[in-house]
Amino acid sequence: MRTIPDRDTLARLCLLSNGILKTGSHGTGRVIEYRAAGGTGALYHLELYVVCGDLPDLDAGVYHYGAHDHSLRRLREGDYRATLAEATGAEPSIVEAPAVLVATSTFWRNAWKYQGRAYRHVYWDLGTTLSNLLAVAASSELPAQVVMGFSEAEINRLLGVDGERESAVCLVALGRDSAPIAAAPAVPPLDAPTRPISAREIVFPAITAMHAASSLASGDEAATWRAGRLQRALPEPATDLIPLQPLGAEAIPDAPIEAVIRRRRSTRNYAVDVPAPFAACSTLLERSCQGVAIDCLDPAGGPLSEQYLIANNVEGLAQGTYVLHPGRRALEPLAAGNMRAAAARLASGQSYAADAAVNVYYLADLDPILERYGNRGYRVAQLEAAIFAGKLHLAAHALDLGAVGSTSLDDEAIRFFSPHAAGKSYMFVIVFGARSKRPA
Ligand SMILES: Cc1cc2nc3c(=O)[nH]c(=O)nc-3n(C[C@H](O)[C@H](O)[C@H](O)COP(=O)(O)O)c2cc1C
């Protein structure tokens with residue numbers, strides 16, 4: 001089977017995942033660029049590169065995607081896919097891919113504001129970007145698989161990035177072609193000029209140390225790392241469950257994904273008194289956490305994190321906290337009562353969490369994940385939760401609701417959902433509900 005993307009498809013994927021969709025102006029005269037996916041602090045530290053063989057209308061090469069002018073610039077000429085195959089330990093989706101997207105993070109672009117915390121923002125923001133990318137690929141009927149098992153040094157050398165200031169953080173295999181790939185040309189150093197991003201840069205050693213300590217040294221190591229995917233034993237419910245009641249396919253709006261992505265924004269004003277319909281809430285929860293195609297995960301192996309809810313205002317659902325049982329398509333009630341004040345406190349004092357209909361916390365038991373995947377498992381657990389939340393964000397807009405990813409007080413969130421959540425770690429939170437034009 002051959003599915004080969006062309007230049008238009010690549011352009012659509014880049015634009016709708018990491019591109020600039022429109023510009024506007026701030027009261028101060030500053031130009032605001034609206035990106036396709038949400039990102040912490042709107043700091044956009046991710047870059048996309050394309051590594052491809054000869055495509056119908058694009059020559060084989062290594063390209064950088066410039067979001068500022070929506071263009072590909074060729075960094076290397078020739079087919080370098082064998083270098084990717086080598087660096088991933090012959091990951092099958094890469095070996096068969098006519099084109100591969102590589103995402104990098106330039107850590108400083110987020111760390112100047114968030115310091116060492118920027119490291120997990122890499123995988124949060126990568127998740128929101130990939131949720132767009134995977135949805136667009138699916139709408140183009142283009143096979144797409146996220147690859148987290150690769151040797152950083154080999155990929156960074158190919159892209160001409162240093163691995164400390166900017167490093168590859170994931171690959172996405174695009175399309176399928178069974179034709180064998182040719183041996184790759186040599187990879188001489190690249191010296192592409194880049195514009196300075198600030199007058200000076202500070203290295204946050206926690207970021208470089210964590211990244212290096214969770215890197216893989218070779219393709220062989222990558223192959224061993226991804227083999228034997230974790231099978232998560234999903235916890236048994238302790239009380240009677242409330243079955244989800246998702247919308248039937250006929251009731252789901254069929255807006256094209258491009259329109260949904262263009263409509264998506266981070267919603268901070270919610271209509272406090274307008275309940276979210278239970279059917280919409282059920283649809284968002286059920287549809288957003290289906291298995292994601294990541295090389296090291298078994299799509300049927302169960303999600304790495306569990307979803308804990310604060311329900312502030314959902315039609316037919318008592319106010320309180322719940323945990324989702326995705327396999328049983330049901331919610332388990334944990335505690336009843338009005339938790340709006342606690343929701344705002346947990347979301348670092350941000351009132352939108354109190355005003356929105358639902359807060360969804362993704363919490364993971366990291367022990368089995370780290371045991372199986374080493375400390376690279378932290379990257380995967382963050383990323384999977386962020387992709388689920390990114391899908392939920394898009395789905396909320398498809399159903400005419402608003403949503404926003406948020407920051408939270410890690411340990412307090414665990415205490416709040418305990419004893420059920422005891423021992424787990426905070427991965428991500430997203431809130432959603434009916435939008436309002438004005439602050440509540
Ligand atoms: C992981 C994540 C965490 C975020 N945390 C907050 C937050 O704590 N408070 C907030 O107001 N916005 C938060 N945002 C929203 C971003 O500020 C927003 O995505 C960015 O400004 C771009 O705007 P847009 O999403 O409307 O395109 C978060 C977004 C993401 C993806």
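Start at 1 with the first residue, then count along the sequence. First listed ligand is number 1; within each ligand, the first listed atom is number 1.
- F417 and Y361 have their aromatic ring centers within a separation under 6.0 angstrom.
- Looking at residues two or more places apart in sequence or on another chain, you find no side chain to side chain donor-acceptor pair (under 3.5 Å) involving R265.
- Closer than 4.0 angstrom to ligand 1 sit non-hydrogen atoms from G38, G39, T40, A42, Y44, W124, D125, T128, R264, R265, S266, R268, Q350, Y352, V404, G405, S406, T407, F428.
- Applying the ring pair (Phe, Tyr, Trp, His ring centres under 6.0 Å) rule to pairs touching residues 15-48 yields nothing, sequence neighbours excluded.
- Between the side chains of R226 and T88, no donor N or O sits under 3.5 Å from an acceptor N or O.
- Residues satisfying the ring pair (Phe, Tyr, Trp, His ring centres under 6.0 Å) criterion with Y322, sequence neighbours excluded, are absent altogether.
- Both cation-pi conditions hold for R376 and F150: the charged atom is under 6.0 angstrom from the six-membered ring centre and inside a 45 degree cone around its axis.
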